[in-house]
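Just so it is clear: chains get the letters A, B, ... in the order the sequence lines come, proteins before strands, and each one is counted from 1. Hydrogens, waters and symmetry mates are skipped; everything else that's a heavy atom, side chains included, is used.
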Amino acid sequence: MLFDYTPKLKYDIIIMDRNKELARMFDTLADALEFLGENPFKIRAYRKVARFLESFPEDIQKFYEEHGIEGLKSLPGVGEKIALKIEEYLKTGTFQKYEEVKSKVPDGILELLQIPGIGPKTIKKAYDELGVRNLEDLERVIESGELARLRGMGPKKVENIKKSIELYFKMQDRIPLGEIYPFVESLRKWLAESEYVEAIEVCGSYRRRKETVGDIDILCISTHGHKVIDKFVNHPDVTRVLAHGDTKGSCIFNDRIQVDLRVVPRESFGAALQYFTGSKQHNVHLRTIAKQMGFKISEYGVFKDNVKVAGEKEEEVYGILGLDFIPPELREDRGEIEAAMEHKLPRLIERKDIKGDLHVHSKYSDGTATLEELAQKAIEMGYEYISVCDHSRSVKYAGGLTIEKLREKNREIERINEKYGKKILLKGAEVDILQDGTLDYPDEVLKELDFVIAAIHIWSKYEDVTERIIKALRNPYVHSIAHPTGRLIGKREPYNVDIEKILHVEKEEGKFIEINANYERLDLNDVWSKRAKEIGVKLTIGTDAHQIGQMWMIELGVYVARRGWLEKDNVLNTLNSEEILKILKNRR
DNA sequence: GCCGTTTTCGGCCCGACTGTTTTCAGTCG
């Protein structure tokens, strides 16, 4: 096994977020209409607004209260009809069209539509001709052979549908980027060993550094496509081959992750790279613009009057349309195309800009590394400093430090810094925000620290923690807030917290907010990070590493920052040791 | 259902692979 996989039970999550719930309703509406055979462009319009809502950082309810129905109509992809539907939802909790269409399609059918490999046409046929209304029915007609006898069906198709169903239950969730990273890098190397591969690049959401990936797209240059694809489908971890052609192969690895490999000639590599990196929304937008300008973009190049005018380099694809090169992390159709047109893209922060890790645990609390080991790791990684933020005294389960223990640790930090002749370790703490919003150490103790990051670790399910966090931010000794929403990707929803409100208090108090770079957290996420930048709040990036071996995840934090349009100046720990210490001191 | 530097109507990205076909439909990304 290249990575561990524990099957997860399907469960319904409580959706507190109106934007997400509304997005889900539009998606369901689109699914249902697809089944009913409605105009595909109308369906696309619903999906488009669903994608928009998912990444819209403002609460749609508040937006509506402030800007009214005209405001809604100004949003991309929202016209008269959809604006009315949103308004109706905000007032009543649902909208008529949704209820009406949903009532025409059995819930079991809606679930079947989620299974990749079985589309609306097939499901409709099975429904009309065999009365299939849910998964159970479908499995029954597969076994009885009835499905295979339908026109257009056959034994192979049915076999594939059967396998798709099996796989659907194994591949429920997207995989966190940080979890799949080592696997993808090893696969990339393994493929690159082939004498027929001239160049190779991983594309898709992986290249865009999205927080989770659904599948992996790999692109390579070769003049012997079938040889490369042959090698690929014969990888020892392949458990199912979905496609095996001359330019495209598609496999499931370890019954868990789909990997698609495409082979293109050198002269098309840039265009293919652009195309397979996506996102879908970005590409549709880009192609629409190209078309208006008289170009046609495909994965083979950019064409004008059937003459190829660009394609070998990705930069050319954007360049020929008059756009600046758009870094993959920005390609979500969140305004990057317009910005590239006006030459106003941000100059994104890079990994090398990071001068230190601001959130690392040591053996003093629940980490495994000694302070000496952390200091050495800092040097190995080229850092100027690491802020050692162990837990505070109330967090008993994580070995929270008593005041005496904290002071003992501070003395050891001083000894180590003296030995290295510089402040390589900062005296830090991840201080708990208690139930009443006060902090877990008194001010006179916090005063002795270089960097204080406050965090919530204990909360009750329906509690709104916003005021607790705001109270903590008002404390003059707090610098930043750790993992501000508390979400764990795919495992735990955020706690009930109003980040927009918190960001405004942050701005007022001149405080910072964390991008926690742990692969399960990535918290703040990209969308909120972008919002922080807009409001004018700087961010701190920390790995929350509990072992030395987790400190590489700072990369993941940088990816979130890049996806959030952040520049070097938006992140505190791009400053050198002297600058950062001065600022941390002055913020009190 | 949205949208406008061709447009308030008529477009809406484009191609590979598979399985069933004998010229194409379905699905995916």
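Residues from residues 271-284 of chain A placing a heavy atom under 4.0 Å of any atom in DNA chain B, listed by number, are A:Tyr275, A:Lys280, A:Val284.
Nearest to the side-chain atoms of A:Thr122 among the listed nucleotides B:dT18, B:dG26, B:dG29 stands B:dG26. Among the nucleotides B:dC17, B:dG15, B:dG19, the one closest to any side-chain atom of A:Ser298 is B:dG15. Nearest to the side chain of A:Arg287, among B:dC13, B:dG1, B:dT18, sits B:dC13. Side-chain proximity of A:Arg44 to B:dG19, B:dG1, B:dC13: nearest is B:dC13. Comparing B:dG1, B:dT27, B:dA16 by their nearest atom to the side chain of A:Thr247 picks out B:dA16. Of all nucleotides listed (B:dT18, B:dG29, B:dA16), B:dA16 comes nearest to the side chain of A:Lys248.
Between A:Phe325 and A:Tyr318, the ring planes are perpendicular. Angles over 60° get that label, and only those under 30° would be called parallel.
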Donor-acceptor list for residues 81-91 of chain A side chains, cut-off 3.5 Å, not counting sequence neighbours:
{"unit_1": "A:Glu87", "atom_1": "OE2", "unit_2": "A:Tyr64", "atom_2": "OH", "d": "2.5"}
{"unit_1": "A:Glu88", "atom_1": "OE2", "unit_2": "A:Gln96", "atom_2": "N", "d": "2.9"}
{"unit_1": "A:Tyr89", "atom_1": "OH", "unit_2": "A:Glu21", "atom_2": "OE1", "d": "3.0"}

- Message: Run the side chain to side chain donor-acceptor pair (under 3.5 Å) test on A:Ser268 and A:Glu312 for me, step by step, so that the C-alpha distance in whole Å, both residues' side-chain angles and the decisive distance to 0.1 Å come before the verdict.
- Response: CA-CA 5 Å; A:Ser268 302; A:Glu312 184 169 347; over 6 Å; no

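The backbone N or O of A:Leu522 lies less than 3.5 Å from a partner atom in the side chain of A:Arg487, making a donor-acceptor pair.
The 5' end of DNA chain B is approached more closely, in terms of each residue's nearest nucleotide, by A:Lys48 than by the other of A:Tyr300 and A:Lys48. Along DNA chain B, the nucleotide closest to A:Met293 and the one closest to A:Lys156 are compared, and the more 5′ of them pairs with A:Met293.
In this structure, B:dC2 forms a base pair with B:dG11, meeting either the Watson-Crick or the G-U wobble geometry with both donor-acceptor distances under 3.5 Å.
There is no side-chain donor-acceptor pair under 3.5 Å between A:Arg331 and A:Ser279.
If you run salt bridge (charged side-chain N to carboxylate O under 4.0 Å, His left out) between A:Arg563 and each of A:Glu336, A:Glu332, A:Glu211, A:Glu329, only A:Glu332 comes through.
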